[in-house]
There are 2 protein chains.
Amino acid sequence: MTDRVVPPAARQRRRPTKQGVVLSPELIVETALRLIEEHGADALSVRRLGRALGADPSSLYRYFRHTDDLMLAVADELIGRTLRTWRPTGDWLADLRDLGLRMHAGALAHPRAAMLSAHRVTGRVHEIQAVESILGVLRRAGFPDPEAVRIYHAFVDQALAFGALDSAGTALPRAAREAEAEVWRSTYGRLPADTHPHIAATASRLVATMRSSSYPAALELLLTAARTHLDHVRAGTGE
Amino acid sequence: MTDRVVPPAARQRRRPTKQGVVLSPELIVETALRLIEEHGADALSVRRLGRALGADPSSLYRYFRHTDDLMLAVADELIGRTLRTWRPTGDWLADLRDLGLRMHAGALAHPRAAMLSAHRVTGRVHEIQAVESILGVLRRAGFPDPEAVRIYHAFVDQALAFGALDSAGTALPRAAREAEAEVWRSTYGRLPADTHPHIAATASRLVATMRSSSYPAALELLLTAARTHLDHVRAGTGE
DNA sequence: TCCACAGGTCAACGGTGTTGTCATAAGGTG
DNA sequence: CACCTTATGACAACACCGTTGACCTGTGGA
């Protein structure tokens, strides 16, 4: 068996499985996404996916070389979906905020895929489109090129990094997540003021905010800083 | 078997394994860290760790409830190592910048462990120390509590998130990393100006910066925004 | 010296990704 | 229609994985 994966173009014999399902890469990716959404990230295994599809697990290896390959296909589908719903308005600040939140939400909707694909450069159409759009927003807003590239880089990496970080959180088994919440409540909520004054003074706030993502706040900070830079640029040119 | 883990204080009978090794939580954590760095994150399994230690895998359950518990201990050890070299000076901006860069560097020094532990709350000594220190820096600088907590959260998560993201990059096999660089050079460096004007205009800059981490830039943006907020607070109180 | 028991070991369970081999039905051809 | 090729699904097996219950043994305190 050199390679059991047949290129899509060569596929023709649509032979149904024992349970009457006709497999296809699209159907497999869709089912994987559905499985993740409905039963949590750890519900995705080749065997479970096979069961959900009504096919033998090993059949999937006719379509994807291995699990990683499948996850990348899922991730690619996600990029497409995120970008497809973004409608830039011309207000650079609002547009970037909107896109950032969309990217983050997209990642959280499919944690496993986000974690696997956050650090990979695909060089595919959707990714290129995204780069062009974001750079366009920044340059039209008046950022000089070096600044635009720097902010673009920080913006994208921040969205991806937080997406992956928060995804990892939601991808945890239920028991582990509850354990974390309990740690915040019982450990950080009860430290005495004489040994840990700063934690004690802010404990309730800490416990309350720790369970939510800090991405919106971090995004806002990034955008604030960007606007500050832009103000300086404009002041410099005498506007 | 209600609970086979004995609290450290009660431990006394240092009985060697068949192969003559005397186990301890510290030895196990160190070996785990070494295993992760040398053979990749996937190399860390209870069974492999047992083998590396010269002990039966099930012995480890006398020291850690389950694998997750062990990972948290590894994560806390990493935090401790980072914090131990940090010397705050009293200048909040410089101190946070220094700590952020240290955390990022620490993550890159142990990429695989960083990726595994970035998203976990350990609730252990070193982590608690870190929280207390950072909150202290912010509150002494004059940030009101809600602001301090928000910035603390964003600061820490950003450092962890970028640490994990950049770690993932360096943890890639050499071939994959070169393939990514090639994608940037050949794909993004050659897009025509009429279809992708913004990428074409900034191509050389894009290709040049893409291979380095954007964390320093993102950190700087976050700190800039924090200072802006602080200025507003001070102006508000009439200083 | 004795003995309680901490702590190491063994075997087993149900899960995982992956692959070598086989069976068969679909589709093209005459 | 019958025939042949072969894409593709199914099966069984392999080597792992985390975890646990039962067992055994040597250590340290009294």
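We name chains A, B, ... by the order of the sequence lines, and we start the count at 1 in each one. Atom set for the values below is all heavy atoms of this structure, side chains included, hydrogens, waters and symmetry mates excluded.
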Which residues share a salt bridge (charged side-chain N to carboxylate O under 4.0 Å, His left out) with [X], sequence neighbours left out:
X: B:Arg81; value: B:Glu77
X: B:Glu37; value: none
X: B:Arg34; value: B:Glu38
X: A:Glu180; value: B:Arg120

Report summary line: Correct closest heavy-atom pair for B:Ser214 and A:Asp157 would be OG-OD2, 2.8 Å

Atom [atom1] of [X] and atom [atom2] of [N]: how far apart are they, to the nearest Å?
X: A:Asp69; N: C:dG17; atom1: CG; atom2: C1'; result: 14 Å
X: A:Tyr61; N: C:dG17; atom1: OH; atom2: P; result: 6 Å
X: B:Leu70; N: D:dC17; atom1: CG; atom2: C1'; result: 15 Å
X: B:Leu53; N: C:dG8; atom1: CG; atom2: P; result: 11 Å
X: B:Phe64; N: D:dT19; atom1: CZ; atom2: P; result: 13 Å
X: A:Leu49; N: C:dG15; atom1: CG; atom2: C1'; result: 16 Å
X: B:Leu44; N: D:dG18; atom1: CG; atom2: C1'; result: 12 Å
X: B:Leu23; N: D:dT25; atom1: CG; atom2: C1'; result: 16 Å

Requested in this report: Could you label the plane-to-plane angle of the A:His104 and A:Tyr215 rings as parallel, tilted or perpendicular, counting under 30° as parallel and over 60° as perpendicular?
Outcome: parallel

Query raised in the report: For C:dT16, does either OP1 or OP2 sit under 4.0 Å from a side-chain N or O belonging to A:Ser45?
Result: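 A:Ser45 to C:dT16 OP1/OP2: side-chain N or O found under 4.0 Å.
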
Query raised in the report: Below 4.0 angstrom from OP1 or OP2 of D:dG9, is there any side-chain N or O of A:Tyr63?
Result: yes

Query raised in the report: From the list C:dT19, D:dG9, D:dG18, which nucleotide is the closest neighbour of the side chain of A:Arg62?
Result: D:dG9

Requested in this report: With the side chain of B:Arg48 defined as its heavy atoms from C-beta on, choose the nearest nucleotide among D:dA10, D:dC17, C:dG17.
Outcome: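 The listed nucleotide nearest to B:Arg48's side chain is D:dC17.
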
Query raised in the report: Taking the nucleotide of DNA chain C with the closest heavy atom to each, which residue, A:Val46 or B:Leu60, is nearer the 5' end?
Result: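 First, find each residue's nearest nucleotide; the 5'-ward one identifies B:Leu60.
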
Using the 3.5 Å cut-off, write out each protein N or O paired with an N or O of nucleotides 11-13 of chain D and the distance between them.
{"from": "D:dC11", "atom 1": "OP1", "to": "A:Lys18", "atom 2": "NZ", "distance (Å)": "2.4"}
{"from": "D:dC11", "atom 1": "N4", "to": "A:Ser58", "atom 2": "OG", "distance (Å)": "2.7"}

Let me have the donor-acceptor pairs involving side chains of residues 18-33 of chain A, under 3.5 Å, with sequence neighbours excluded, atom names and distances please.
{"from": "A:Ser24", "atom 1": "OG", "to": "A:Leu27", "atom 2": "N", "distance (Å)": "3.0"}
{"from": "A:Thr31", "atom 1": "OG1", "to": "A:Leu27", "atom 2": "O", "distance (Å)": "2.6"}

Query raised in the report: When you match B:Pro16 and B:His66 each to their closest nucleotide on DNA chain D, which lands nearer the 5' end?
Result: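 Closer to the 5' end of DNA chain D: B:His66.
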
